[in-house]
Number of protein chains: 2
Amino acid sequence: MGTTQLETVPEPKYWHLKTVLSEALDSEFTVGEILPNERELAARFGVARATLRQALEQLELEGRLQRRRGVGTTVAPPRMGVDVGSEAGPHAWPGAPGDAWHTEEHRTAPAPAPVARMLGVARDAAVHAVLRSRTTGGQQVASEVLYVPAESVPAIPAGAQEEPNTAARARAVLRELHRLQLAGQDRTVELGSARADDARRLDRLPGAPVLVVTTRYVAEGGTAAVSVATYRADTCRLSFSDGEDVSLLAS
Amino acid sequence: MGTTQLETVPEPKYWHLKTVLSEALDSEFTVGEILPNERELAARFGVARATLRQALEQLELEGRLQRRRGVGTTVAPPRMGVDVGSEAGPHAWPGAPGDAWHTEEHRTAPAPAPVARMLGVARDAAVHAVLRSRTTGGQQVASEVLYVPAESVPAIPAGAQEEPNTAARARAVLRELHRLQLAGQDRTVELGSARADDARRLDRLPGAPVLVVTTRYVAEGGTAAVSVATYRADTCRLSFSDGEDVSLLAS
DNA sequence: AAGTGGTCTAGACCACTAC
DNA sequence: TAGTGGTCTAGACCACTTC
């Protein structure tokens, strides 16, 4: 026999299952419909529940399914496009009028190591942390922490006094930030898994896949602030329209 | 007792494990070092192998570990930044001189349904498909398919003749495309899982997490081409520098 | 041939939601 | 309380790499 050995590949069961289920979703189910439970599906396909779950996990990762403990597995709507590139025009400070975020809270804490490095501050230096959240179509799609070193907003008193009016303090930090001249910004996107607090805010379990968008805001002196936004990877498609008029994207 | 019920939350074992391992990676291991095998790690932590694997999977998803069948689990280097926004200046056609891609192959096939919709062609209409790949630091980080409807490159003869010189044909399609005036482009990023062919090209198993970057190229008449690029989500951090001079990003 | 990670099983119990 | 998905176990065998 030749060396070609056509298709010796034994396709894993869960992979084949995923394909079968995916086609069934396209043809026999409608958005929002609930699937039979895992034990029954496993029995119906003649596999162990763990194997079936491997297939379901993949489909959930791809945004085709939504699973909720105690409730069931439902067919997910197509991912929603979420504008990231031109929320309020190119090169705008966070919190500029018209952006898609809701300012929620203010804390004073040391920034995570990579953020501290970008900001050029000591690894354990306390900075302002402004927590914001973003909702689209009635659903929480992202939560963000904006790190602002004290040097960027000298008019804001240091946070010795941890008062309850944190939302007001957060807005004050943003207002001060807007006084600076924004020289530019750059963004990175990477895959992450939701930490416990983000997971709670996004209504997901810890470890759920998220898209982490890190934005560095550059002003005169250097990096004036860094934002770390985590988007639900299962329901979101991030869109970076370059400021052009892009109308017919739709789904 | 009050209703606060502090920390009733029984943290899942795999979650706790992941935290412990993560800290160990930071303090006791160096990049490239190989970990003890899964059976031994599981025994050492007193959990089933499946539970340990759940923790390892998370760490691999976050780019902390790299696992290879038949070899072992190694500590991964930090993710590499991959420029997506300004490869060859803003608003350049794919294949413009200086871009980071290597043109490999040409096919003629119907585009996937969502792409066909963006291109405004019939769902089963055959279009040019140009396959390209991108390497960074000696590693294959992305594979791309560029879909070009026949209308965008009328000078290229329809692909009745499936000759072997497909790379040459691919470059011819790109050359023809460059004759059009590029009016704008927009990008989306979403999470996906590698199909069998992409997985092979990226040296990963099918289903591996990938970041799917979809770019729509707009010329006079409308959408002239659509590119679907899949990046290894475990090793890549996509960077959208807005064309500014952004030097001090580092790791 | 030996050792690794990848797949799969059949079961158990837990946490959560809804009634 | 009943039913769902989430976690966990202790095994088995397979596919792949290396020697």
Side-chain angles (χ1 to χ4, degrees), chain A residues 5 7-19 21 33-61 64-76 193-194 196 199-200 203-209 234, chain B residues 5 7-19 21 33-61 64-76 193-194 196 199-200 203-209 234:
Chain A
Q5 190 78 351
E7 294 309 337
T8 319
V9 197
E11 195 175 48
K13 271 189 190 177
Y14 77 91
W15 187 258
H16 181 237
L17 243 185
K18 180 196 142 186
T19 309
L21 283 168
E33 196 171 348
I34 119 173
L35 268 60
N37 72 52
E38 297 184 349
R39 289 159 180 90
E40 170 163 353
L41 278 179
R44 191 178 298 186
F45 286 106
V47 298
R49 192 178 154 217
T51 304
L52 173 82
R53 278 178 62 81
Q54 224 174 328
L56 293 184
E57 260 149 40
Q58 285 251 357
L59 290 170
E60 189 178 29
L61 201 79
R64 306 286 312 272
L65 291 179
Q66 183 161 359
R67 299 192 287 173
R68 272 175 307 172
R69 170 156 41 176
V71 179
T73 302
T74 57
V75 180
S193 50
R200 225 180 1 259
D203 188 29
R204 303 255 55 199
L205 291 174
D234 54 344
Chain B
Q5 191 77 352
E7 294 310 336
T8 319
V9 197
E11 195 175 49
K13 271 190 191 176
Y14 77 91
W15 186 257
H16 182 238
L17 244 184
K18 180 195 141 186
T19 308
L21 283 168
E33 196 172 346
I34 125 172
L35 268 60
N37 72 53
E38 298 184 347
R39 288 159 180 90
E40 171 163 354
L41 277 179
R44 190 179 297 186
F45 286 107
V47 300
R49 193 179 153 215
T51 304
L52 173 81
R53 278 179 61 81
Q54 222 174 330
L56 294 185
E57 261 148 40
Q58 286 249 358
L59 289 170
E60 190 178 28
L61 200 80
R64 306 286 312 273
L65 290 180
Q66 183 162 357
R67 299 192 288 173
R68 273 176 307 172
R69 167 153 51 174
V71 180
T73 302
T74 58
V75 180
S193 49
R200 224 179 3 258
D203 187 30
R204 303 255 55 201
L205 291 174
D234 54 344

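Every chain is numbered from 1, with letters handed out A, B, ... down the list of sequences.
- Judged by distance alone with a 3.5 Å cut-off, a donor-acceptor contact links the side chain of R49(A) to the base of dG6(D).
- OP1 or OP2 of dT9(D) has at least one side-chain nitrogen or oxygen of T51(B) nearer than 4.0 Å.
- Look at T73(B) and you won't find any side-chain N or O under 4.0 angstrom from OP1 or OP2 of dT4(C).
- No side-chain heavy atom of L21(B) sits less than 4.5 Å from a side-chain heavy atom of R64(B).
- Put simply, CD on E57(A) is 12 Å from P on dT7(C), counting in whole angstrom units.
- The side chain of R69(A) has dG6(D) as its nearest neighbour among dT7(C), dT7(D), dG6(D).
- Side-chain atoms of R39(A) come within donor-acceptor range of the base of dG5(D), with a qualifying N/O pair under 3.5 Å.
- Take the nearest nucleotide of DNA chain C for V71(A) and for G70(B): the residue whose nucleotide is more 5' is G70(B).
- One interatomic measurement links the two molecules: CZ of F45(B) to P of dT9(D), which rounds to 13 Å at whole-angstrom precision.
- As a whole-Å value, the separation of D203(A) CG from dT17(C) C1' is 13 Å.
- With contacts defined as side-chain heavy-atom distances shorter than 4.5 Å, the pair F45(A)/K13(A) does not qualify.
- Closest to the A48(A) side chain, of the nucleotides dA18(C), dG6(C), dT9(C), is dT9(C).
- Between Q54(B) and P12(B) there is no side-chain heavy-atom pair separated by less than 4.5 Å.
- What separates OH of Y14(A) from P of dA15(D) is a distance of 14 Å, to the nearest Å.
- Rounded to whole Å, the distance from CG on L205(B) to P on dG5(C) is 13 Å.
- One finds no side-chain N or O of N37(B) lying less than 4.0 angstrom from the OP1 or OP2 phosphate oxygen of dG3(C).
- With contacts defined as side-chain heavy-atom distances shorter than 4.5 Å, the pair L41(A)/T73(A) does not qualify.
- Between the P atom of dG5(D) and the CG atom of L41(A) lies a distance of 8 Å, rounded to the nearest Å.
- Heavy atoms of other residues, nucleotides or ligands lying less than 6.0 angstrom from CG of D203(B) number 12 at most.
- Residue R68(A) contributes atom CZ, which lies 11 Å from atom P of dG6(D) at whole-angstrom precision.
- If you take CZ of R53(A) and C1' of dG11(C), they are 15 Å apart, rounded to a whole angstrom.
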